[in-house]
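Here's the structure we're looking at; comments come further down.
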2 protein chains.
Amino acid sequence: MLDGVSLDHLRIFIAAADEGSFSAGGRRLRRTQSVVSQTLANLEAQLGVKLFDRSSRSPVLTRQGLALLAEARAVVSRMDVLKARAKGLSDGLEPDLSVVVDVVFPLDQLTGAVAAFQEKFPATPLTLYVEALGAVLQPVMTGRCAFGVMGSLPTAPGQLTRERLLSVRWAFVASPTHPLASLKAPIPAGVLAQHRQLVLTDRSELSQGKDFGVFSSNTWRLADLGAKHAFLRAGLGWGGMPTGVVETDLANGSLVRLDLEEVPDANLVMAMFAVFRTDTPPGPAGRWLIEHLKSGSATPARTAKAKRARFQP
Amino acid sequence: MLDGVSLDHLRIFIAAADEGSFSAGGRRLRRTQSVVSQTLANLEAQLGVKLFDRSSRSPVLTRQGLALLAEARAVVSRMDVLKARAKGLSDGLEPDLSVVVDVVFPLDQLTGAVAAFQEKFPATPLTLYVEALGAVLQPVMTGRCAFGVMGSLPTAPGQLTRERLLSVRWAFVASPTHPLASLKAPIPAGVLAQHRQLVLTDRSELSQGKDFGVFSSNTWRLADLGAKHAFLRAGLGWGGMPTGVVETDLANGSLVRLDLEEVPDANLVMAMFAVFRTDTPPGPAGRWLIEHLKSGSATPARTAKAKRARFQP
DNA sequence: AGAAACCATCGCTTGGGGCGATAGATGCTC
DNA sequence: GAGCATCTATCGCCCCAAGCGATGGTTTCT
């Protein structure tokens, strides 16, 4: 034995204190009265503290006993936490979860799912990375993240599995002060190419040379969606944005939608997928999170519902 | 045994994980390597979780093992807290401390001492009551409070011990709009008696009929020092206040000092005492707090020092 | 190849946890 | 007040899990 006082000692102490009687405490734990008596005498000796006043018929906690009772509860409660955690792990729950999400993924959908996740799996630490485009892929490949959330794969290695989550509507926009904004008719590619396009980029090598929706050779590359947003509003160029991000701008006129000849009906959508390595599929927690990132499983939050209504008119 | 997993299991787990080796972990705990091996196998079986990957030469924690290691540390750490607490109690430290303090006790001295107390005895819950005059005595008599802090005892039962703490300077004041305020010469008792005096009182029976510094038969009795303060400032009467409470009022003129004929040199001080039942003297924590309530042991806080300087010009 | 670690497994011993019995004390009931 | 029920303390006994030492297999370093 490494230490005189054990968990069983504390459990017997708690039972006796709760029941107000050694005998009753013993009954609760299916132990004889004698072991309770001996154990508590032993515990008192180990701690050097009188826990019970035995002068009356049934023992009553001393003040010291009351103080240590709270400590004892804390100890066994912590042990119960450990066992609960172990139970989860033995059922296959992953000990922690790292996820990387593309910036263009709808924020409210993400926050709603993550909030629900924390409530559902409070013991599972969740680490969230937000990256752009190809930068999502890298941590998934290396295994640092259990899965990633990203748009159409520029290059889809065979070792990856992807699973459709939802679609992000896309709009090409510009500031109302921008020359393109005054053109009502569908804009042909030739005209587009004459104006600087703002393009989201990232620092990874995986998406090098793989451009998505780039119509102009005159481009500025921005690694941050918020920066791109600000540049667009400042009239420094035109480019595509998720409609969810710019809808208030479109409503109040600080950005206007561009009608492109190449994109009929402005119906551009980008499908978003959960992507993970086929050899290490997500465990229960990761799977749960993936399910709750799908469009059908929006959180009951009001904002999410409103957003969905706008997405499917 | 009430439960398969014990504290010793966790301690062995922690040692092995820390050392990165079963043998080294065993050495640290003065146990054979075989018991470490067996114990960990047993623990893994109990929890249903593989803690170590034994495929390589020296075992390495699995992800689950890493997660449970943190939990294990939490459990034994909580147990260490319990034992530390028990150690304090066995050394005679009281499990908790209740104290009742008279409102007129200098606030900064009190807060300083209490703050230092919480730092010195973080495990000892401190309950503080603030009462007026005789109301301080009652919880001390009944034993609900280990000691009380109060002014001169109106009636000093022999079963109480008192110990001097510090002196509170006292001033008789009134609003500048009050008729007495315009009298420069020392005011005789006869004149005082013609004006309403505001007197601090309390709801206990112990101070019934025992008035302190009452010169007028026309009195209003206030159970709250703050209320008395407000009444004085409103010009509703005259009365005594601790100088510490009214010094800013005296400085900015919202109250003026009265020069009483009965009280030469305005040198009225009220000695304050720690009072406790002789049969239950305070333990180490209580004694520590009493020492730090004395005037010489002011906290190093700037305000307290400044206040003391003003008190002893 | 050999030494030196490491871990798993197997008997063997032993100490503490648990049981039952007993005795003394206290409170309830008739 | 006698009898009964229930409580705690203590004793002797049993037994299992914890611990030990030895053995064997494996990896790493020299």
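The model shown is predicted, which means the values in this text are computed figures rather than measured ones. Each chain gets a letter, A, B and so on, in the order its sequence line appears, and its residues count up from 1.
Checking side-chain atoms of Thr62(A) against main-chain N and O of Gly65(A) turns up a donor-acceptor pair under 3.5 Å.
The nucleotide range of DNA chain D contacted by chain B, defined by atoms under 4.0 angstrom from heavy atoms of the protein and reported 5' to 3', is dA18(D) to dT28(D).
For the pair Leu29(B)/Val36(B), no side-chain contact is recorded, criterion being any heavy-atom separation below 4.5 Å from C-beta on.
In this view, Ser58(A) satisfies the side chain to side chain contact (heavy atoms under 4.5 Å, CB included) rule with no residue, not counting sequence neighbours. Residues meeting the side chain to side chain contact (heavy atoms under 4.5 Å, CB included) test with Asp18(A), sequence neighbours left out: Ile14(A), Arg28(A), Arg73(A). With sequence neighbours excluded, the residues forming a side chain to side chain contact (heavy atoms under 4.5 Å, CB included) with Glu71(B) are Arg78(A), Val81(A), Leu82(A), Arg85(A), Leu68(B), listed by chain and number. Scanning for ring-ring contact (aromatic ring centres under 6.0 Å, His included) contacts around Phe276(B) gives an empty result, with sequence neighbours left out. Taking the side chain to side chain contact (heavy atoms under 4.5 Å, CB included) definition, one finds that Asn42(B) meets it with His9(B), Gln46(B), sequence neighbours left out.
Sorted by residue number, the members of residues 15-22 of chain A with any non-hydrogen atom under 4.0 Å from DNA chain D read Ser21(A), Phe22(A).
Direction of the helix axis in the helix from dA1(C)-dT30(D) to dC30(C)-dG1(D) shifts by 30° between the two five-pair termini, rounded to 10°.
Following rounding to the nearest Å, Glu44(B) (CD) and dC7(C) (P) show an atom-to-atom distance of 13 Å.
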Would you tabulate the side-chain donor-acceptor contacts of residues 114-124 of chain B under 3.5 Å, counting partners in other chains and residues two or more places apart, or write 'none'?
none

For residues 88-98 of chain B, dump all side-chain donor-acceptor pairs below 3.5 Å to protein atoms at least two apart in sequence or in another chain.
residue: Ser90(B); atom: OG; partner: Lys87(B); partner atom: O; Å: 3.0
residue: Asp91(B); atom: OD2; partner: Lys87(B); partner atom: NZ; Å: 2.9
residue: Glu94(B); atom: OE1; partner: Ala285(B); partner atom: N; Å: 3.1
residue: Glu94(B); atom: OE2; partner: Gly283(B); partner atom: N; Å: 3.2
residue: Glu94(B); atom: OE2; partner: Ala285(B); partner atom: N; Å: 3.4
residue: Glu94(B); atom: OE2; partner: Gly286(B); partner atom: N; Å: 2.8
residue: Asp96(B); atom: OD1; partner: Arg63(A); partner atom: NH1; Å: 2.8

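Salt bridge Lys294(B)/Glu163(B): present, at least one basic N to carboxylate O contact under 4.0 Å.
For the ring pair (Phe, Tyr, Trp, His ring centres under 6.0 Å) condition, no pair includes a residue of residues 123-147 of chain B, sequence neighbours left out.
Residue contacts shown for Arg11(A) are absent, as no nucleic acid heavy atom lies under 4.0 Å away.
Between Ala86(A) and Val49(B), the shortest heavy-atom distance links the atoms O-CG2, 3.4 Å. Contact record, Phe105(B) with Val149(B): CD1-CG1, 3.3 Å, taken as the closest heavy-atom pair.
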Practice problem: Going 5' to 3' through nucleotides 17-28 of chain C, assign each nucleotide B (protein heavy atom under 4.0 Å from a base atom), S (under 4.0 Å only from sugar-phosphate atoms) or - (no protein heavy atom that close). | Solution: SSBBB----BS-
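Nearer the 5' end of DNA chain D, as judged by each residue's closest nucleotide, is the contact made by Ser58(A), out of Ala41(A) and Ser58(A).
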